[in-house]
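Throughout, protein chains are lettered first and strands after them, A, B, ... in sequence-line order, and every chain is numbered starting at 1. Note that the structure is predicted; figures quoted are calculated from it, not measured.
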Amino acid sequence: MSPVELQRGEELARTIRRLAHEIIESHGGARGLYLIGLLTRGAPLAERLAAAIEAFEGERPPVGTLDTGLHRDDLAQRAPPPSVRPSTIPRGLEGATVVLVDDVLYTGRTIRAALDAIMDFGRPARVRLAVLVDRGHRELPIRPDFVGRNIPTAPAQTVEVRLAETDGEDAVYLLEGAERHGEH
Amino acid sequence: MASIETAAPAADAPPVAATQPPPAPAAGTAWTRKDLLDTDVLSAAEIALVLETAEAMAEVRERPVGRVAALRGTTVVTLFYEHSTRTRASFELAAKALGADVVNLAASASSVEKGESLVDTVRTLEAIGADVLALRHPASGAAALAARHTAASVVNGGDGAHAHPTQALLDLYTMRRHLGDLAGRKVAIVGDVLHSRVARSNLWALRAAGAHVALCGPATLLPRTFAAPRALAEDTGAGACEVTSDLAGALADADAVMALRIQRERQGQGPAPSLRDYVRQYQITEERLARARPHAIVMHPGPMNEGVEIAPEVAHGPRSVVEEQVAGGVAVRMAALYLLATARRR
């Protein structure tokens with residue numbers, strides 16, 4: 001079955017700007033924020049959120065990237081990632097408000113792994129979660145603080161976020177069946 | 001992605017120590033091998049995968065908590081039939097940094113002294129739950145023999161004069177950090193090439209990466225079997241290799257110079273030149289390094305005989321990356337253990 005396009009281009013850009021506004025409102029400004037994008041597509045999303053926050057507040061929060069591959073608890077159940085990439089988290093998480101950024105929230109296991117990893121880097125004052133798409137089917141008690149779009153799905157479906165930086169276009173697709181990238 | 005490239009501390013590093021991330025492996029490259037026995041079977045993409053994974057492991061080591069739990073529930077056994085400081089210790093550190101359980105066995109402390117064969121020992125270790133065996137043995141082919149008789153993954157930690165793949169991979173890792181892409185680079189490997197498993201494993205890996213290799217030493221310490229390397233290079237299109245006793249020619253325009261240990265125990269027993277002659281003709285000195293490229297790095301797999309194959313001022317000089325090699329060894333062995341252990345779970 002052919003993929004259904006749910007969002008693209010300027011529509012997706014507006015969603016990112018709204019998320020930036022919500023993060024600023026919730027935190028009360030940009031100071032003390034620390035955005036951490038989960039590889040692969042959370043990283044460009046975090047960069048775009050940081051750019052939007054800077055445009056609104058005149059201050060750009062630091063941005064890091066995190067590969068959760070080494071922290072997953074389900075390596076024995078599923079195929080491990082083909083490769084592990086270095087995380088880039090400059091020092092200074094102590095006391096910060098960390099916002100984890102990912103494209104699709106699904107079972108919650110990636111976020112659990114990310115929380116585990118974050119604690120290895122320092123002790124932030126609080127950790128928030130921003131996702132472009134929440135597709136439901138959580139397996140852990142994790143909920144996002146900032147959601148671009150709620151998309152109810154069947155477990156057999158897949159939500160695929162494609163970004164200009166990684167995939168050459170800005171779009172969100174709903175696919176039937178086979179797992180593609182963007183699955184978490 | 002820009003956020004990844006900024007990870008390299010480029011600004012504060014002198015030209016010789018400039019850090020460059022290795023190119024990413026071909027998309028979709030996955031590790032599928034049960035064992036890591038030598039570099040001669042590895043594709044350029046597989047080597048790139050190991051080196052990229054090692055970059056991620058080096059980052060883990062730099063964290064305040066320098067370990068992760070990725071290999072929780074995996075048992076790694078180091079089985080060493082020869083003395084070793086850095087290789088055994090770095091395998092142990094690598095396994096622990098990944099959260100694996102580690103058992104260290106030295107041949108002198110095990111049933112090997114009671115006459116248990118290698119195959120029996122390996123089977124016993126598998127029976128008690130070993131998932132990965134890091135094996136060092138004085139006989140060439142020992143790792144391959146062990147791998148044939150166990151379902152555990154075997155990583156060769158050095159077998160006779162045959163192979164030492166994790167050493168070669170950490171050498172490439174160190175070179176790539178300083179030199180970037182190794183295609184077209186020249187690497188001179190100088191010393192007792194005949195008895196060196198390090199030289200052999202480096203040769204295969206460097207040629208796969210497209211580097212030009214010069215193997216250099218007294219004629220009596222050069223293997224005759226490498227006499228027709230030109231034809232080899234033409235066959236595969238990989239980097240060329242020359243075998244020579246002319247040190248000046250080998251060092252000319254080299255980007256990296258690797259000194260090999262002169263195995264003192266073998267001197268005075270036959271064809272090798274006397275130590276004095278060796279020092280006079282082949283020791284790596286500052287003066288001789290003037291022929292290499294200005295940015296050339298100096299490497300040594302250790303342990304060094306300072307004043308024999310390498311002058312002390314070179315061993316500890318600004319070109320030396322010997323300590324970096326040792327540190328990189330932990331990251332590269334973490335990568336090897338991670339790839340072998342996770343491939344078992346597929």
Side-chain angles (χ1 to χ4, degrees), chain A residues 35-51 60 62-94 101 112-114 116-124 163-167 181, chain B residues 1-9 19 21-32 45-46 48-74 97-100 131 177 331 334-335 337-346:
Chain A
L35 306 188
I36 294 181
L38 305 189
L39 293 171
T40 302
R41 285 170 193 78
L45 278 178
E47 292 287 349
R48 290 196 203 180
L49 281 171
R60 186 186 172 84
V63 178
T65 63
L66 189 63
D67 187 315
T68 58
L70 293 172
H71 295 268
R72 293 198 66 106
D73 61 359
D74 52 359
L75 284 180
Q77 281 86 47
R78 51 183 275 160
S83 64
V84 187
R85 291 150 295 182
S87 299
T88 56
I89 298 190
R91 297 287 177 267
L93 287 188
E94 301 293 327
V101 182
R112 188 215 61 79
D116 217 18
I118 289 296
M119 300 311 161
D120 284 355
F121 284 96
R123 190 180 183 283
L163 296 173
E165 294 92 326
T166 48
D167 312 291
H181 62 69
Chain B
M1 242 169 297
S3 51
I4 288 180
E5 280 156 17
T6 54
T19 304
T29 300
W31 188 267
T32 54
E46 285 175 301
L49 174 63
V50 175
L51 300 183
E52 195 210 6
T53 307
E55 292 285 349
M57 298 304 177
E59 181 269 310
V60 166
R61 299 255 304 152
E62 287 164 11
R63 296 179 192 178
V65 179
R67 56 193 299 171
V68 290
L71 295 191
R72 189 171 49 191
T74 297
L98 288 169
D131 298 298
R177 286 207 142 194
M334 284 171 77
L337 293 175
Y338 176 80
L339 292 171
L340 287 168
T342 52
R344 298 172 64 76
R345 298 172 177 176
R346 278 175 210 281

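Two residues are said to be in side-chain contact when any heavy atoms from C-beta on lie closer than 4.5 Å; R63(B) and S87(A) meet this criterion.
Contact between A56(B) and P86(A) at its shortest, heavy atoms only, is CB-N, 3.6 Å. Across every non-hydrogen atom of P64(B) and F121(A), the tightest pair is CG-O, 3.9 Å.
Note that CG of D67(A) is 8.5 Å distant from CD of E59(B), once rounded to the nearest 0.5 Å. Distance CG/L70(A) to CE/M57(B): 4.5 Å, rounded to 0.5 Å.
Residue R344(B): no heavy atom, backbone or side chain, is found under 4.5 Å from chain A.
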